[in-house]
Amino acid sequence: MFSLNGTTFTNNSLSGVSRCLTQSSRRVSAPMVVVAAVSSNGKPGDGSVSVLVENALTESATPVEMEVKSTVTGGVQDVYGEDSATEDQSITPWTLSVASGFSLLRNPHYNKGLAFSERERDSHYLRGLLPPVVISHDLQVKKMMNSIRKYDVPLQRYMAMMDLQEMNERLFYKLLIDNVEELLPIVYTPTVGEACQKYGSIFRRPQGLFISLKEKGKIHEVLKNWPEKKIQVIVVTDGERILGLGDLGCQGMGIPVGKLSLYTALGGIRPSACLPVTIDVGSNNENLLNDEFYIGLRQRRATGQEYAELLDEFMYAVKQNYGEKVLIQFEDFANHNAFDLLAKYGTSHLVFNDDIQGTASVVLAGLMAALNLVGGTLSEHTFLFLGAGEAGTGIAELIALEMSKQTGIPLEETRKKIWMVDSRGLIVNSRMEMLQHFKRPWAHDHEPVQELVNAVKVSIKPTVLIGSSGAGRTFTKEVVQAMATFNEKPIIFALSNPTSQSECTAEEAYSWSEGRAIFASGSPFAPVEYNGKVYASGQANNAYIFPGFGLGLIISGAIRVHDDMLLVASEALAEQVSQENFEKGLIYPPFSNIRKISAHIAAKVAAKAYELGLATRLPQPKDLVAYAESCMYSPAYRSYR
Ligand SMILES: O=C([O-])CC(=O)C(=O)O
Ligand SMILES: [Mg+2]
């Protein structure tokens, strides 16, 4: 709230900041901070605009009248202009701030550190605040990589990366983009898992919004406390099933933060358009509740109506604040909530569950590519899953859907090629009554079988074995060897994260199958040497899909997610596997090409959104790949002169 010309303005009543105003503010030569701007009539439109200008030297504030020459359309902007076409023009901002001098160095959005040029140092009051040397962005990257590599412990590297993100956002993203294969395991799985486990101790600054039961009834206002007003993607967790590590409560925040940094680095969504959210309804993890450094509510999880009401309030507050085109990605919810939330909000919001849908799409892509190495069509294969939760049943459903599309055979029939083992053994018809609803489509006619190894060896004899159980080392030597006895090239995916929960290691998969397995894992493994040959395995991780998928939804202005979009995303990813990759036994392209891959995925997803009538951004661009690329955030520094 502030007063201007005798009028008191609140956040809500402020509106009408325009590009013209930005231009005008640049012409003011005094060291200044524009702390707020508002159109004279409180509405976007032509007319004169009052700006409160704070003198950075004297700290006195002076209202200044400025002429707005053209129609104000609103749209979030910062002083130096946004450089991404993923902007939406529908939300009107209310403040405009220009940092200079010391505060500029402390502002991670604008700070360039030693890369500020001589002219910028003069014009932005930076003289003396920096040592004399001016270095390039590239040299800064080299220097940071050198210092990060000095840490042996991955968590220290993680913390160094988080510090960098807080200090110089563009350097953080350039580092991540230029060194994606090296840094992905640091800012993402597996290290992010350890970071969540220790989040209470390493917590420094808030990186996202914490919405707990204490905020019930106030979520609309809480969203307004976030400094960015124009949000395009929210990743939200309630921390109940963080990777395969279980209930980490409020400390699950590391996951939305990590996923959103990949939305920017891999998918080109502007950092300011990303909002990480953790919903805290308590935790059933006794160790955390007794940990003096725990940062969340110290109570057991709220369930039932209390839980549903908080989620409902959140979902509607999001729509109210950011409109209906904001993408809400559910992440790491427990099974019992994940399916229900997706079903409940799938018809009213743009929602996507990464663990169900993103994982499904990335695994289907890997299978499509694997067919080039093993031969046959999808429906000629037999699939066995260990783990019938979000990932397992989500993948199974997408495979069945694709088989049905390819063959014209009804979905109920194609599902019969897919079998699942859960903690109680093979899912069979006689267990139907006791099964959770999402497992029921996978109960087929068969005798009960208790052990995975018997299901593999005797009952099902799958050609494809997929681990989605969250339980590490469950693909034993006997299981892998059995797969290799009746398959020339057994397809084995150990998807659970982080590495400690992987169903088997790459080394185990290759050595136990005598180098014949087509192997992929959720968390990365280093290449393995077996019998004098080096085997590099692929990472079947949803990070290949969600950034490009989200970009496709945003650039088309999609209002709903549809299963057909997941299928085209899989096709787009599979198409990016080159002959050279196949020759090395790889079924996923290298992450070093990820921005190009994301643009292809985005283009296919956007095209599908237009085809299905779910796109609102008209007219449809002619070349969607080029359009997607042109919309992607670049971490290159902007010139401030
Ligand atoms: O975060 C990852 O690496 C993949 C994922 O969504 C999960 O394991 O829950
Ligand atoms: Mg997840």
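Indexing begins at 1, ligand by ligand and atom by atom, following the structure's order. Nothing here was measured: the structure is a model prediction, and the numbers come from that model. In this chain, residues are counted from 1 in sequence order.
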Checklist entry - Which of the atoms of ligand 1 are close to D355, meaning less than 4.0 Å from one of its heavy atoms? => result 5 (C), 6 (O), 7 (C), 9 (O)
Next on the checklist: Under 3.5 Å, is there a donor on one side chain and an acceptor on the other for T237 and T278?
Outcome noted: no
Item to check | Flag for Y158-E194: side-chain donor and acceptor within less than 3.5 Å | outcome: no
Next on the checklist: So, of the N/O/S atoms that E331 has, which is the nearest one to the Mg ion (ligand 2)?
Outcome noted: OE2
Checklist outcome for this item: min-distance protein heavy atom vs atom 1 (O) of ligand 1 -> K259 NZ, 3.1 Å
Item to check | Protein contact of atom 8 (O) of ligand 1 - nearest heavy atom, named by residue and atom, plus distance | outcome: N497 ND2, 2.8 Å
Checklist outcome for this item: Looking at D355, the N, O or S atom sitting nearest the Mg ion (ligand 2) is OD1
Checklist entry - Any idea which protein heavy atom is nearest atom 2 (C) of ligand 1, and the distance to it? => result Y188 OH, 3.2 Å
Checklist entry - Distance only, no hydrogens: is a donor on one side chain within 3.5 Å (strictly under) of an acceptor on the other, for Y294 and N285? => result no
Checklist entry - By number and element, which atoms of ligand 1 are closer than 4.0 Å to a non-hydrogen atom of D354? => result 6 (O)
Item to check | Which atom of V235 lies closest to which atom of E331, heavy atoms considered | outcome: CG1-CB, 3.8 Å
Next on the checklist: I'd like to know whether S212 forms a side-chain hydrogen bond (donor to acceptor under 3.5 Å, both in side chains) with E215, so could you lay out the CA-CA distance, the side-chain angles of the two residues, the decisive distance to 0.1 Å, and finally the verdict.
Outcome noted: CA-CA 5 Å; S212 77; E215 279 68 57; 2.7 Å; yes
Item to check | Minimum side-chain heavy-atom gap Y173-Q165 below 4.5 Å | outcome: yes
Checklist entry - Which heavy atom in G522 sits nearest to a heavy atom in N497, and how many Å separate them? => result C-OD1, 3.0 Å
Checklist entry - Are F438 and H336 close enough that their ring centres sit under 6.0 Å apart? => result no
Next on the checklist: Among R241, R301, R300, which residue satisfies the salt bridge (charged side-chain N to carboxylate O under 4.0 Å, His left out) criterion with D247?
Outcome noted: R301
Next on the checklist: Does Q576 form a side-chain hydrogen bond (donor to acceptor under 3.5 Å, both in side chains) with Y544? I'd like the steps, not just the answer.
Outcome noted: CA-CA 11 Å; Q576 296 298 310; Y544 273 114; over 6 Å; no
Item to check | Atom indices of ligand 1 within 4.0 angstrom of E331 heavy atoms, with elements | outcome: 6 (O)
Item to check | Location of contacts on D332 toward ligand 1, heavy atoms closer than 4.0 Å | outcome: side chain
Checklist entry - Is ligand 1 under 4.0 Å from a heavy atom in the side chain of I255, in the backbone, in both, or in neither? => result neither
Item to check | Contact flag D332/the Mg ion (ligand 2), N/O/S atoms, threshold under 2.8 Å | outcome: yes
Checklist entry - Counting heavy atoms only, which part of Q539 comes closer than 4.0 Å to ligand 1: side chain, backbone, both or neither? => result neither
Checklist outcome for this item: Numbered in order shown, the ligand 1 atoms found under 4.0 Å of a heavy atom of N542 are 4 (C), 5 (C), 6 (O)
Checklist entry - Considering only protein heavy atoms, which is closest to atom 3 (O) of ligand 1, and at what distance to one decimal place? => result N541 ND2, 2.8 Å
Checklist outcome for this item: Note: ligand 1 atoms sitting under 4.0 Å from heavy atoms of T189 are 3 (O)
